[in-house]
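Below, all heavy atoms of this structure are taken into account, side chains as well, without hydrogens, waters or symmetry copies. What you see is a predicted model; the values in this text were computed from it and never measured.
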Amino acid sequence: MSKIEKNLFPLYEFAVNRAGVGIHAVDHAGRTVIYNDKMKAIEGLELEEVGDRSILELFNFDQEESTLLKVLQSGVKQLNVKQTYWNRKGHEITTINDTYPVFQEDELVGAVEIARDVTALERFVLHPLRKNSDPVTFNQIVAASDEMKTVISTARKASGAKLPVLLIGESGTGKDLLAESIHNELSPANGPFYTLHCHQSDAALIDRLDEDLNMDEPFTLFCERIDLLSISLQQNLFTFLKNSAQAGRQFIASIGDDPVELIAKGRLLKDLYYLFASFTIRISPLRKRKEDIISFVTKYFAQRKERFGTSLTGITKEVEERFRRYDWPGNMRELEFLLDEIASLATTETVITYEMLPLHFRLKSDGLGDTPTQAVDFIVNPDKELMPLDRYLKEAEEYYLQKAMKLHDDNITKTATALGMSRQNLQYRLRKLKNGR
């Protein structure tokens, strides 16, 4: 590095960290080399947590692969790409990204991503039925399963007791809806409902509560995912809540995992847990209460029909079977996003058929069996009984085609070109695999 470059480096560093967009740069191996302050705020991570880890270690991408990885693989820039994913702390993030390959003397040496955070906007846009309807109440929460009926019953008791409440559940299980329902069940009414999104790493987050809340009136404060705060910020939150506790103030918090395990791992402050533990309500993931799926779908279309006059009223038996077999890692939120995606493209259809399902979901649901097929399944193991050759070849072909489709963004033409076959041949093979189940 020249003397001029050394003198300029502090200026570059200052500019990158003051930028109003997130900047994440990786080298040719996918290891992080730049991770600015805005990106840390968006993703709720600290630089020491990112280190030189590969981005595959940091994030769990749901329906889409990492745009940084795609650009590293292809050397082609990707602009205006919307991405929803979950970071290592379990927080859901939505960004719009511009990602560029970086070349040095015609050799690809890395990639740079510029991200605009639209998480808050997405939460508004993707929940139109809720945002434009009456306040959320227990009657609006789907509770066909015994587990959810118990959750609603306990939450009603919590509203009557007016004690702090702790909600435990995975991302997308509806903890925010339950918190609002508890608030709206309070009698007398409890003033405004505030949400503190605790995924931020901003050191001044808790200090601003005094400014943001009207401390002269009763209110409900929902602290979403307190386990994502640093321990020092959890201590600040505990002090604030303890000093603010008085009649007419309802405090609700949520966490994403078992509190005992979180405390043991040093991710949850014991005092903060005890403050909220008067009423502890666990919300099971959707995969453990699949009887709620069809009830949710039915209610979704009834609400959408009433508000927008759409013609969709239900799903076919084939789609219902796939919905029941799928594990829904994003829980109710993932199901709602899927229905939003389908409904936005529907015209005169009255029921959702298999062909109307997005390709990314078809591939995931088609690939389901008693045990998901993985690459390791195609390694010959002398200690295991060999499967018949026809079945082996069929499963290997299915696995390979699914991976190839995912690699090329579910684009039939690009995948066929990469595999050296015609578009019609690839479509025929995918259709044959589907019908052969």
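- Although no hydrogens or angles enter the test, the distance criterion places a donor-acceptor pair under 3.5 Å between the side chain of N331 and the main chain of S171.
- Note that R362 lies in the cation-pi zone of Y354, set by a 6.0 Å cut-off to the ring centre and a 45° limit from the axis.
- We find that K175 and E224 are not joined by a salt bridge, their nearest charged nitrogen and carboxylate oxygen being 4.0 Å or further apart.
- Of the listed residues (L269, T239, D271, L228), just one forms a side-chain contact (heavy atoms from CB on, under 4.5 Å) with Q234, and that residue is L269.
- A donor-acceptor contact shorter than 3.5 Å is absent between the side chain of D227 and the backbone of L268.
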**OP:** Test F276 against F238 for ring pair (Phe, Tyr, Trp, His ring centres under 6.0 Å), laying out the working first.
**Re:** CA-CA 10 Å; F276 282 107; F238 170 73; 9.4 Å; no
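- The shortest distance between side-chain heavy atoms of T99 and V112 does not fall below 4.5 Å.
- In summary, R322 and E318 engage in a salt bridge, as defined by a charged side-chain N under 4.0 Å from a carboxylate O.
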Original post:
Is there a side chain to side chain donor-acceptor pair (under 3.5 Å) between R423 and T413 once you walk through the steps?
Top reply: CA-CA 6 Å; R423 190 174 187 275; T413 302; 3.0 Å; yes
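- A salt bridge links K290 with D327; the closest basic N to acidic carboxylate O contact falls under 4.0 Å.
- At distances below 3.5 Å, not a single donor-acceptor pair connects side-chain atoms of N36 with backbone N or O atoms of G22.
- Side-chain N or O atoms of N425 include none that pairs as donor or acceptor with a backbone N or O of M421 at under 3.5 Å.
- In this structure, M356 and L312 have side chains that are in contact, with non-hydrogen atoms separated by less than 4.5 Å.
- Counting only heavy atoms from C-beta outward, the side chains of K77 and P101 approach each other to under 4.5 Å.
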